[in-house]
Amino acid sequence: MSIAVAVFGAAGRMGRQVCDAVEAAEGLELVARVDVGEDPKLAVEAGARVAVDFTHPDAVLGNLEFCVRNGIHVVVGTSGFGPDKIEQVQRLLAENPESGVGVLVAPNFSLGAVLMMKFAAQAAPYFESVEIVELHHPDKADAPSGTALRTAQLIADARTAAGTAPSPDATVHDEGGHRGGKVQDVTIHSVRLRGLVAHQEVLLGGVGETLTLRHDSLDRASFMPGVVVGVREVAAHPGLTIGLEHYLSL
Ligand code: NAD
């Protein structure tokens, strides 16, 4: 039996490609396209078993709540998931334990980016300094990107577990915020530039050497195989999962 799928944000740049990918994937059936102005109940009425959300950081929690309360598993690509939002999703799932709903929040669905994050966490304890530069198209609503946020968290966790000291930084004057923003002590620089899609560099530095990990999504097609894996697997993973890597045997 095929998996009935609803797409939230179906008219957006990612949503349109997700609709095409679902329609093309064996064993998946696109049953509802929901965008602004349309009633999310469309997804329930169409019998959706899994919803995919690529909307807006301000809209995603409302959609998630709607799906969990209606027993629909959710694959979330929308960015802006910091600790506050994660906590809200955990609370929502705890309030609805009988639903058995699976929620996958994946900061990045491309295999290359998932590997880049994994390699960054592996390398981070061995270098004195680490910073992230993320580069995206200028129509992106949030900074830093969900991928950078997640990479910084993974790096910080790996460095804390290994007892690595914070990256050295003698800056004492920076009224304009030129040194970028910090997530758990990891500095992130956000570039917004017409022509770009989604790119990230993790810069690691030790005495006399640097290591740069770079990932480039050159086309939104790069995210689609990961989205399809998420849709296929989410029902088998009740509760909250953060990161597509948990569905892959890397
Ligand atoms: P977009 O602006 O092109 O599309 C968003 C769509 O969502 C629009 O059509 C908008 O009308 C719709 N929308 C907004 N609120 C809604 C609501 N309440 N219900 C239904 N639809 C609603 O944006 P995009 O480039 O497609 O990106 C969408 C999100 O996905 C962003 O947060 C982006 O950062 C993220 N993203 C994630 C990945 C990943 O791999 N996880 C990859 C690319 C983009």
Side-chain angles (χ1 to χ4, degrees), residues 5-22 30 32-44 46 48 51-68 70 72 74-82 85-86 89 103-117 134-151 153-154 188 190-200 215-231 234 240-248:
V5 183
V7 176
F8 286 78
R13 286 172 291 244
M14 288 295 289
R16 287 192 303 266
Q17 292 218 13
V18 171
C19 288
D20 291 347
V22 168
L30 182 67
R33 298 170 192 251
V34 184
D35 207 279
V36 162
E38 276 142 358
D39 194 333
K41 280 192 197 128
L42 278 176
V44 179
V52 181
D53 189 293
F54 278 95
T55 57
H56 190 279
D58 296 339
V60 61
L61 276 184
N63 292 338
L64 249 170
E65 184 165 353
F66 175 84
C67 290
V68 171
N70 284 284
I72 300 174
V74 201
V75 173
V76 179
T78 307
S79 49
F81 263 84
K85 269 193 187 147
I86 297 290
V89 177
V103 175
L104 169 66
V105 175
N108 202 309
F109 281 98
S110 87
L111 179 62
V114 169
L115 287 171
M116 180 253 303
M117 286 187 262
E134 58 96 339
L135 312 91
H136 283 79
H137 61 85
D139 304 317
K140 186 170 175 50
D142 54 311
S145 69
T147 306
L149 196 63
R150 178 76 178 146
T151 312
Q153 286 160 348
L154 292 170
I188 303 178
S190 295
V191 176
R192 296 293 175 263
L193 202 73
R194 184 66 70 205
L196 296 180
V197 179
H199 317 259
Q200 180 167 294
H215 177 258
D216 297 276
S217 272
L218 305 171
D219 190 297
R220 289 181 179 83
S222 63
F223 304 115
M224 295 309 130
V227 172
V228 169
V229 168
V231 170
V234 66
L240 176 62
T241 303
I242 300 169
L244 184 68
E245 63 274 20
H246 299 291
Y247 287 14
L248 306 171

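Order of appearance sets the numbers: ligands from 1, and atoms from 1 within every ligand. Note that these values count all heavy atoms, side chains included, but never hydrogens, waters or copies made by symmetry.
Every residue two or more places apart in sequence or in another chain that forms a side-chain contact (heavy atoms from CB on, under 4.5 Å) with Glu65 is listed here: Arg69, Leu92. Take Lys140 and apply the side-chain contact (heavy atoms from CB on, under 4.5 Å) test, not counting sequence neighbours, and it matches Ser79, His136, His137, Asp142, Ser145, Arg192. Every residue was checked against the salt bridge (charged side-chain N to carboxylate O under 4.0 Å, His left out) condition with Asp39, not counting sequence neighbours, and none meets it.
A side-chain donor-acceptor contact under 3.5 Å links Thr78 to the backbone of Thr55. In this structure, the side chain of Asn108 does not engage the main chain of Ala113 through any donor-acceptor pair within 3.5 Å.
Under the side-chain hydrogen bond (donor to acceptor under 3.5 Å, both in side chains) rule, Thr151 has a single partner from Glu134, Gln200, His215, which is Gln200.
Contact residues for ligand 1 (protein heavy atom closer than 4.0 angstrom to any ligand atom): Gly9, Ala11, Gly12, Arg13, Met14, Val34, Asp35, Val36, Phe54, Thr55, Ala59, Asn63, Gly77, Thr78, Ser79, Ala106, Pro107, Asn108, Phe109, Lys140, Phe223.
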